[in-house]
Chemist: 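Have a look at the structure that comes next, please.
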Amino acid sequence: MPRYDFKRIESRWQQYWEQHSTFQAESPASGKPKLYVLDMFPYPSGSGLHVGHPEGYTATDIVCRYSRMTGKNVLHPMGWDSFGLPAEEHAVKTGTHPRETTEQNIATFKRQLKMLGFSYDWSRELATTDPDYYRWTQWIFLQLFDTWYDPEHEWTGPDGVSRIGRGRPISELPIPAEVTAAGTEAVRRYQDRHRLAYISDAPVNWCPALGTVLANEEVIDGKSERGSHPVERVALKQWMLRITAYADRLASELDHLDWPDSIKLLQRNWIGRSTGAEVDFYIGNRNKGSQDDVSPESVLAGFDAWKAERAASGWPAEPGTDVLRVYTTRPDTLYGATYMVIAPEHPFVESLTSAEQKAAVTDYCRKAATKSDLDRTELAKDKTGVFTGSRAVNPVSGERIPIWIADYVLISYGTGAIMAVPAHDLRDFEFAVRFDIPVIQVVQPPEGWEPSKDEAAVAVEVDGQKLVPFAGRGTAMNSGEYNGLSTDDFKRQLTEQLNNSGLAQAAVNYKLRDWLFSRQRYWGEPFPIWHELDADGNPTGLMRTDDVASLPVLHPHMDDFKPAGTPEPMLAKAEQDWLFRTADDGTRLKRETNSMPQWAGSCWYFLRFCDNKNSTAFIDPELEKYWMPVDLYIGGAEHAVLHLLYARFWHKVLFDRGHVSMVEPFQKLVNQGMILGENGEKMSKSRGNVINPDDVVRDYGADSLRLYEMFMGPLEQVKPWSMSGVEGVYRFLGKVWRMMVDDRAEDVVLHAHVTEDEPADTQLRMLHKTIRAVTNDINKLSFNTAISRMMEFTNFMSHEDSRPKSVLEPFVLLLSPFAPHIAEELWSALGHSTTLSREPWPQYDEALLVEDTLEIPVQIKGKLKARIHVPNGLDAAGLQAAAEADEAVQKHLEGKTVVKVIAVPGRMVNFVIR
RNA sequence: GCCCCGGUGGCGGAAUAGGUAGACGCAAGGGACUUAAAAUCCCUUGUCCGAAAGGACGUGCGGGUUCAAGUCCCGCCCGGGGUACCA
């Protein structure tokens, strides 16, 4: 002792903070302004904390410690996103129950986080796997189940903005008379089809290796995000959440959030809103088999009759069986539609297929069905398809055009059918060339147009002529009476006219799909849902919910966690008394055996932190109003479209149902950049470049690790690790220590140069410059520059023979959010008996910052030639005179004509010469 | 392909509104202290020419605006991330 002994110091202060509950958030009654600062809570993996975790955590910790010193009531909680596959995979291998593995991993993470001295309010700790927590996850699921989306409901939000569309109780869903007439069962089924949580048997992403179905967001290039296993498309009954109902609000309500533009853009692209029109194409009686049997005259007569009928009755919500409905963003190219394509999964495939095409169509659809998404993308360049044998009538030209089946049309987007305009769509162009379908140009490109890269890429040569599609906007041609109109005008006019004749309607589409919400795993939240069984024990398709009072639905006891390799859920292997029960009315019920995905728990944990011990509600409304929204949320950019979209969706549903008071949960979002290994590559075990925080803390201490992670570079930036960089900040802390403490003494004794003297002007100026810089930098989350300013202060002050306490004390306070342990120790050495964590943050005095003399650059023709020293506040004329008096300047001006002089007071002088 | 974000010494990075490019740290070289080492302290360090004084060139490349450009505008090149038949 006492060199800078971080081991002793850090454990001492961590104990002190724990014993004194230093960082417990105060109640709303404190009257202080609140600040809610949140970290993305970790999945407690078996490998323990990664150096990437403390990056964001240190940043939020600095903001929190700083904010407490500025008098804020700070909520800074931590918890565990602890459901998930790895614990279950471990159970498959070892037989250890996932709960046991999870608890061990949490203990490791907690030890590591405590070792870093983060100022969390640990009394608010929670884990998504706690029954007390997932009880409320299940409860929120029941809210989703009990809600339908009313797209016409008009209302005004708490922000005063009026909106259309809102989630409402299912009991308020209007039931059509014919459904009511059909009885209560029909009504229940009707309601079930409108809930935000519903069962669907659409094709899903089944991953045999993981033994579960995955959401679209979890599939990357046809492989699972976790483990890169192949994913197949299979039809399965699955729980879906109707996130698409909220697509518009999820996109538009991003506007007022203080988020990085790149993340907003990412979410908007993911939602993928496009506007256009739905158009109906007449196909006549499609049950006749081959339409080539039907005379063109009779079809066109039918077309005329249909048009007349439509003109009278208007656009129907359901298209009926005699038309093919398509979605297009370019209704203005309707005259150029020379064929149509339906997806292989389209319901009309069978009835549109003629006898002679039947074999070819069946074969094609079978192949398409077994193709995974990966196969579809790999083959993207080669367009495939098959003719149905049927034709439709182009509603504007009256031409009969062939209907094809091709897998470049997706059943899940739009109506699953398109009108193909080969002259103005790259994909249609390729397809038409391949299958020799006519190409009619209906848009004249603007003057001087050159094909874009991808337009040129699909160009072909026909009879010595180069044929290129044009996908841009231009002027209408070959479009009857509309020739000459601009694309935008034509689009608007045609949509309106077709709408008046009942042939089309403006429409909006989204790339966003409904959220596949069920998994076949054990280690996820069970659903609070029962399926009714008939007398033979078969499901009737009707459902019941668990009573809210009976929640949580706990996991059944299980010993064997091996997946069967089929999409059968793990929970289906549970004991009979978990799986079945008889309702009071005598109906036999079987439990839902799917479980919720890992995203469920993270959709609302920030709400539970506000009131984590509440046993009667998921959150107390008063506490919700006080703490929400989250003022600062820091985490990795990998959650840009998953967690952050899901959580916003749940929050909006909870808002619509009156359970929370804000539309958006996260006001300000910041993404920390990834930390790479020392070799500049992503850290991974296989690359052998993983840095373990435990080792760094052992060798240099927690304060050094914290400081280094903040000093590396801007928070948002990707940056490589450097052990000698850690050593650098460690040396800085040693220097700070020796600046104040006598390191030859036995105990912690102040350095002989630490005095009670009045500070010198230069010392005061240095201090106040540092206070200003550090304060501004913290507010900008620019921690690397804040630290370099403290280094400058230390380099200066260490050379002073008198180091007044009145200068050192504020500096220790500035340092404390970054390196809290050493700061507490120095604060105590300076004679204070309690923690500095609630000391008022130092204020700077503008008057003390003013320099007496300034060094001003003098340029000749924009090139720096000299530097002059002038009194601060000297005006332009004085500045010029001072510059002209300078010897070096005179030398440069000798014999030259000065054309112009620019003198900016306090900045620079520039002589323009000839 | 398309959409974002970035490109500054040997390295990580600084540079409020266009106004001294390279703060701070690392690495490297030299020196002091020491029997020695560690630790610590001091000096040098963008490139090129020059013994020095000094000069020229420098923020991915090419143009432009301006008294003045790392910063603003136009056209490219390179790297990273997102997305991928979304009609």
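In what follows, chains are A, B, ... by sequence order, proteins preceding strands, each numbered from 1. Note that these values count all heavy atoms, side chains included, but never hydrogens, waters or copies made by symmetry. In this text, all values refer to a predicted model and were calculated from it rather than measured experimentally.
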Chemist: Hey, does the side chain of T770(A) reach the backbone of M790(A) with a donor-acceptor pair shorter than 3.5 angstrom?
Modeler: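 Pair absent, no side-chain N/O of T770(A) close to backbone of M790(A).
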
Chemist: Looking at the rings of Y339(A) and F431(A), which for Trp means the six-membered one, are their centres under 6.0 Å apart?
Modeler: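 Under 6.0 Å, so yes.
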
Chemist: So what does S274(A) touch, heavy atoms closer than 4.0 Å: a base, only the sugar-phosphate, or nothing?
Modeler: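 If one applies the 4.0 Å heavy-atom cut-off, S274(A) turns out to touch the sugar-phosphate alone, with no base involved.
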
Chemist: Which part of the nucleic acid, if any, lies within contact of E792(A), taking any heavy atom under 4.0 Å across all strands shown: a base, the sugar-phosphate backbone alone, or nothing?
Modeler: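 Result for E792(A) = sugar-phosphate.
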
Chemist: The test is side chain to side chain donor-acceptor pair (under 3.5 Å); show your working for K735(A) and N795(A) and say whether it passes.
Modeler: CA-CA 8 Å; K735(A) 216 180 224 180; N795(A) 289 342; 2.9 Å; yes

Chemist: Is the base of U20(B) touched by the side chain of E855(A) through a donor-acceptor pair closer than 3.5 angstrom?
Modeler: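 By the distance-only test, yes, there is a pair.
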
Chemist: OP1 or OP2 of G6(B) versus the side-chain N and O atoms of Q717(A): is any pair under 4.0 Å?
Modeler: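 Negative; the distance criterion is not met.
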
Chemist: Any base atoms under 4.0 Å from R789(A), or only sugar-phosphate, or nothing? Heavy atoms, all strands.
Modeler: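 Result for R789(A) = nothing.
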
Chemist: What about F811(A) and F793(A), are their ring centers closer than 6.0 Å?
Modeler: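 Yes: the rings meet the under 6.0 Å criterion.
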
Chemist: When all nucleic acid strands are considered with a 4.0 Å heavy-atom cut-off, which category describes I902(A): base, sugar-phosphate, or nothing?
Modeler: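 Here I902(A) touches the bases of the nucleic acid.
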
Chemist: Do K861(A) and C67(B) share a donor-acceptor pair, side chain to base, under 3.5 Å?
Modeler: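 When only heavy-atom distances are counted, K861(A) does not reach the base of C67(B) through any donor-acceptor pair under 3.5 Å.
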
Chemist: Which part of the nucleic acid, if any, lies within reach of L266(A) when heavy atoms closer than 4.0 Å are counted: base, sugar-phosphate only, or nothing?
Modeler: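 L266(A): backbone/sugar contact only, no base atoms under 4.0 Å.
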
Chemist: Applying a 4.0 Å non-hydrogen cut-off, can you work out what G414(A) is touching in the nucleic acid: base, sugar-phosphate, or nothing?
Modeler: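 Here G414(A) touches no strand at all.
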
Chemist: Can you tell me the pairing partner of C24(B) across any strand shown, Watson-Crick or G-U wobble, with both distances under 3.5 angstrom?
Modeler: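 G12(B) is the nucleotide pairing with C24(B).
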
Chemist: Assign N910(A) to base, sugar-phosphate, or nothing according to its heavy-atom contacts below 4.0 angstrom with the strands shown.
Modeler: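 Since a base atom lies under 4.0 Å of N910(A), the category is base.
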
Chemist: Looking at every strand, decide which applies to N795(A) at a 4.0 Å heavy-atom threshold: base, sugar-phosphate, or nothing.
Modeler: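 It contacts sugar-phosphate atoms only.
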
Chemist: For a quick check of understanding: with a heavy-atom distance under 4.0 Å over all strands, which category does V421(A) fall into, base, sugar-phosphate or nothing?
Modeler: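 No contact at all - V421(A) keeps every heavy atom at 4.0 Å or more from the nucleic acid.
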
Chemist: At 4.0 Å (heavy atoms only), tell me whether H639(A) reaches a base, stays on the sugar-phosphate, or touches nothing.
Modeler: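 Touches nothing.
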
